[in-house]
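Whatever order the structure lists them in is the order used to number ligands and atoms, beginning at 1. Sequential numbering from 1 along the given sequence is applied to the chain's residues.
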Amino acid sequence: MMNPKIDATKSHNRSITSTSSTLLSSSSSSSTTVDKFQQVIHSSSTDGWQKCWEQGLTPWDLGQPTPILVHLHKTGALPKGRALVPGCGSGYDVVAIACPDRYVVGLDISEVALERAKELSSLSSQEHFEFLKADFFTWRPTQLFDLIFDYTFFCAIDPDMRPSWAVGIRDLLKPDGELITLMFPISDHEGGPPYKVSTTDYEEVLHPLGFEATSIVENELAVSPRMGREKLARWKRSICLSTL
Ligand SMILES: C[S@@+](CC[C@H](N)C(=O)[O-])C[C@H]1O[C@@H](n2cnc3c(N)ncnc32)[C@H](O)[C@@H]1O
């Protein structure tokens, strides 16, 4: 399915990595950034993310769109219509898949993240995307989505919030819409964010709402620090359960 020639190794070394017991990074300085990021996040239940953005503590940020998402877009393997990227951060993925056939909304709770996203995308054609400040867990627009792409949002929220995450996905997606999750980090470390994830973690909250995976594959285009710890899953709701 994937083109192995696509260079997925351009991630800079600030990317998040983890070991069995703790989160470490490929360099001691980025490990320190992860530690500081976690301290700041846990210092405030209301504006932890905003503070991280203000202090430049964004160790998850690839500095580029997600390679597998770009590949799916370029090969016509993504639904058209309206797409949502919750917790869009710097917004690379929003801009990467926006096109005349697909209007993309990048949602984030941090004003600083959105300012950065707008600045980074200022030279792109603005017609096919927008950035919105809102809380994913309470935001309910009138227009639903044909596609939701989740990468590093599920693992960023407290695991107790995962059932609410699934309800949000259901409420924001059209009944025949598609959810694409890039599941990361598949590991056994403790703590977070990023909190460890497994396919079962997604199934536990999505199955009760009628979502079934139509495919789950290793992400062969993962950036090098994340290689082997990511799976791409595509989910749809079965028609008979779509009223749940
Ligand atoms: C780990 S970052 C991932 C950013 C981006 N997806 C990426 O991969 O670069 C998580 C993002 O989710 C945002 N966020 C956290 N809680 C949120 C919420 N309840 N609603 C919307 N965005 C939220 C944070 O501000 C942050 O930008």
From Trp60, Phe153, Phe37, Tyr151 - option closest to atom 16 (N) of ligand 1 by heavy atom = Phe153

Among Asp135, Leu114, Asp108, closest by heavy atom to atom 13 (C) of ligand 1 is Asp108

Any chance the rings of Trp49 and Phe37 have centres within less than 6.0 Å?
-> yes

Under 4.0 Å from ligand 1, counting heavy atoms only, is it the side chain of Phe137, its backbone, both or neither?
-> side chain

Backbone, side chain, both or neither: what part of Phe136 comes under 4.0 angstrom of ligand 1, heavy atoms only?
-> both

On the 0 to 90° scale, with breaks at 30° and 60°, tag the Trp235-Tyr202 ring pair as parallel, tilted or perpendicular.
-> parallel

Would you check if the side chain of [X] reaches a backbone N or O of [Y] as a donor-acceptor pair within less than 3.5 Å?
| X | Y | result |
| --- | --- | --- |
| His42 | Gly192 | yes |
| Asp93 | Thr66 | yes |
| Gln64 | Tyr92 | no |

When only distance counts, is Gly87 in polar contact with ligand 1, meaning an N/O pair under 3.5 Å?
-> yes

For Ala134, the ligand 1 atoms with a heavy-atom partner under 4.0 Å come out as 20 (N), 21 (C)

Indicate whether any N or O donor in one side chain lies under 3.5 Å from an N or O acceptor in the other, for Asp35 and Thr32.
-> no

Is the closest heavy atom of [X] to ligand 1 under 4.0 Å?
| X | value |
| --- | --- |
| Pro193 | no |
| Ser90 | no |
| Trp53 | yes |

Does CD belonging to Glu54 count more than 12 external heavy atoms closer than 6.0 Å?
-> yes

